[in-house]
Amino acid sequence: MEIRPILSALLRNKTGPILVAVQVALSLAILANALHIVQVRQAVSARASGIANEQDVLSLQIRHLKYGGHADQLAVQRAETATLRAVPGVMSVAGTSQMPLSRSGNYSSLSIDRKQLKTITQTTTYFGGDSLIKTWGLQLVEGRDFVPGEVPEIDQNTSNDFAKIVIITRALGEKLWPGQSSFVGKTFFFGAGNDAKDVRVIGVVEKLQTPGAELKESGEFSTLVPVRLTGDDVNTYTVRAEPGQLDRVIKEASAALTAASPTPVIVRVRTMNELRTARYRADKAMSWMLVTVSVLLLLITASGIVGMASLWVTQRRKQIGVRRALGARRIDILRYFVTENVMITSVGVAAGVLLALGLNQLLVSKLEMARLPAGYLLAGAGVFLALGVAAVYGPAWRAATISPATATRSA
């Protein structure tokens, strides 16, 4: 088929083709970036927290309405730990100051030299007197876990004492000592200056996200600190249940803690699945919103192509009848309209690719988004070309079925 007559016809009536091309360009630019953002958000929400088999892990916060002093609180913590370990289906229990993905936690500034005036970065601190590595199933890649004799007991309201050893994540070690492969035995400081507290690294875990699970590398800057803290009316424990026993453990653990306490307590239970869902609720909502917008864009673009093609068929009924009378076959008429639409859509796709790259560059510079992979542009171009052909096929087929006599009478 000759392209020149189709191009000549388009140039004589530019408004319609330009509107379709602009619509395709805008839709492609938005669709490619929207789906890229959805993919990034989905990948973020699926990131590993470092906790093995999250579906078997939960946290319990026990608020005491009446509490004693330092010694009494330590006794209560030991009793509550023993009560939880006695619940059928419980594999491991550990006290902790906070939970990964909980969105609210304790962060401390770090330095590697007491003479530094400014800190290097921040870390979240998981305080606990039991093995979080065991309970959370963390992957220890270097060094060792804490032993009971290394766990001080500190009243945080009256003492400024601090642990002398810690376990860190690999990401935090690489931040503090870039280019080095081993971090055990190294010393760093909480804070900076003369008041900074020095600690020595005795172990390194592969991964453990912070409560905020930040999108940057700092989302894995975590530190395990061996200490039993008192001075708060809330005790937090994390429990690993046997596979498939989580629901029963939740019910029985809450009842056991309430029954064993000599004073009134309020027990709040949250599973790791609930924490993950709450942490990424906004990301998933944004993903669904962008998917909905993308689907609507495709429908609007398809409707625009169908409407414009139907208008062109109505306006060209006489021309179609004349061509049929001169011997044009139905397939020739159908191919004419499909080719015309492919040409218009191709112009829109080319402009859309450039517009998508420009929009992505704006997102990269303003929102620190990842760069748009070429695959999204190629896939988007293919989708809109296919959409254009599918949308125009119905009107084109109706045009191909017009008989010369009907077209002449309607003219």
Side-chain angles (χ1 to χ4, degrees), residues 3 6-7 9-11 13-47 213-217 219 280-312 337-396:
I3 300 298
I6 300 176
L7 183 60
L10 291 175
L11 291 176
N13 186 14
K14 305 182 186 70
T15 304
I18 289 175
L19 289 175
V20 172
V22 169
Q23 188 177 27
V24 169
L26 290 174
S27 298
L28 174 57
I30 296 173
L31 180 69
N33 281 282
L35 293 183
H36 177 48
I37 293 174
V38 169
Q39 188 274 330
V40 170
R41 292 293 179 178
Q42 291 297 324
V44 165
S45 62
R47 291 182 305 168
E214 294 84 357
L215 303 186
K216 302 178 182 180
E217 62 174 357
Y280 294 114
R281 183 176 288 116
D283 296 270
K284 291 186 177 181
M286 177 182 287
S287 297
W288 280 112
M289 181 189 70
L290 291 176
V291 168
T292 302
V293 169
S294 300
V295 171
L296 290 176
L297 277 175
L298 290 174
L299 291 176
I300 292 171
T301 303
S303 300
I305 294 174
V306 170
M308 193 62 66
S310 298
L311 177 62
W312 291 338
F337 280 98
V338 171
T339 303
E340 182 181 64
N341 185 265
V342 168
M343 292 172 62
I344 296 171
T345 305
S346 297
V347 173
V349 165
V353 168
L354 297 177
L355 191 59
L357 292 173
L359 178 58
N360 178 249
Q361 180 58 40
L362 180 63
L363 293 173
V364 170
S365 61
K366 300 297 184 181
L367 301 178
E368 298 184 357
M369 285 288 298
R371 294 199 174 275
L372 183 65
Y376 285 88
L377 297 175
L378 295 175
V383 166
F384 278 96
L385 287 172
L387 180 68
V389 172
V392 80
Y393 190 84

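Please read all numbers here as calculations on a predicted model, not as lab measurements. Values below: all heavy atoms of this structure, side chains included; hydrogens, waters and symmetry mates excluded.
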### Task
Report yes if some heavy atom in the side chain of Val38 is under 4.5 Å from a heavy atom in the side chain of Gln42; otherwise report no.
yes

### Heavy-atom closest contact (Glu214 atom, Gly219 atom, distance)
OE1-CA, 3.2 Å

### Task
I would like to know whether Leu31 and Val293 meet side-chain contact (heavy atoms from CB on, under 4.5 Å); could you show each step before the answer?
CA-CA 8 Å; Leu31 180 69; Val293 169; over 6 Å; no

Donor-acceptor contacts, no H, no angles, side chain residues 16-29, under 3.5 Å, sequence neighbours left out:
from, atom 1, to, atom 2, distance (Å)
Gln23, NE2, Ile300, O, 3.2
Ser27, OG, Gln23, O, 2.8
Ser27, OG, Thr301, OG1, 2.8

### Task
Determine the minimum heavy-atom distance between Val364 and Ala370, stating which atoms define it.
CG2-O, 3.9 Å

## Note on the structure
side-chain contact (heavy atoms from CB on, under 4.5 Å) filter on Val383, not counting sequence neighbours, yields Leu298

#### Entry: Results of side-chain contact (heavy atoms from CB on, under 4.5 Å) for Asp283 - residues two or more places apart only
Arg41, Arg279, Tyr280

### Message
Going by the rule side chain to side chain donor-acceptor pair (under 3.5 Å), which residues pair with Gln361 if we only count those two or more places apart in sequence or in a different chain?
### Response
Arg371

### Under the side-chain contact (heavy atoms from CB on, under 4.5 Å) test, residues paired with Asn341 that sit two or more places apart
Ile305, Thr345, Val392

### Summary
When every non-hydrogen atom of Ala391 is compared with those of Ala302, the smallest separation belongs to CB-O, 3.8 Å

Could you tabulate the donor-acceptor pairs under 3.5 Å formed by side-chain atoms of residues 346-354, not counting sequence neighbours?
from, atom 1, to, atom 2, distance (Å)
Ser346, OG, Val342, O, 2.7

### Query
Which distance, rounded to the nearest 0.5 Å, do you find between the CG of Leu290 and the CD1 of Ile30?
10.5 Å

### Query
Taking all non-hydrogen atoms of both residues, which atom of Leu35 and which atom of Ser294 are closest, and how far apart?
CD2-OG, 3.9 Å

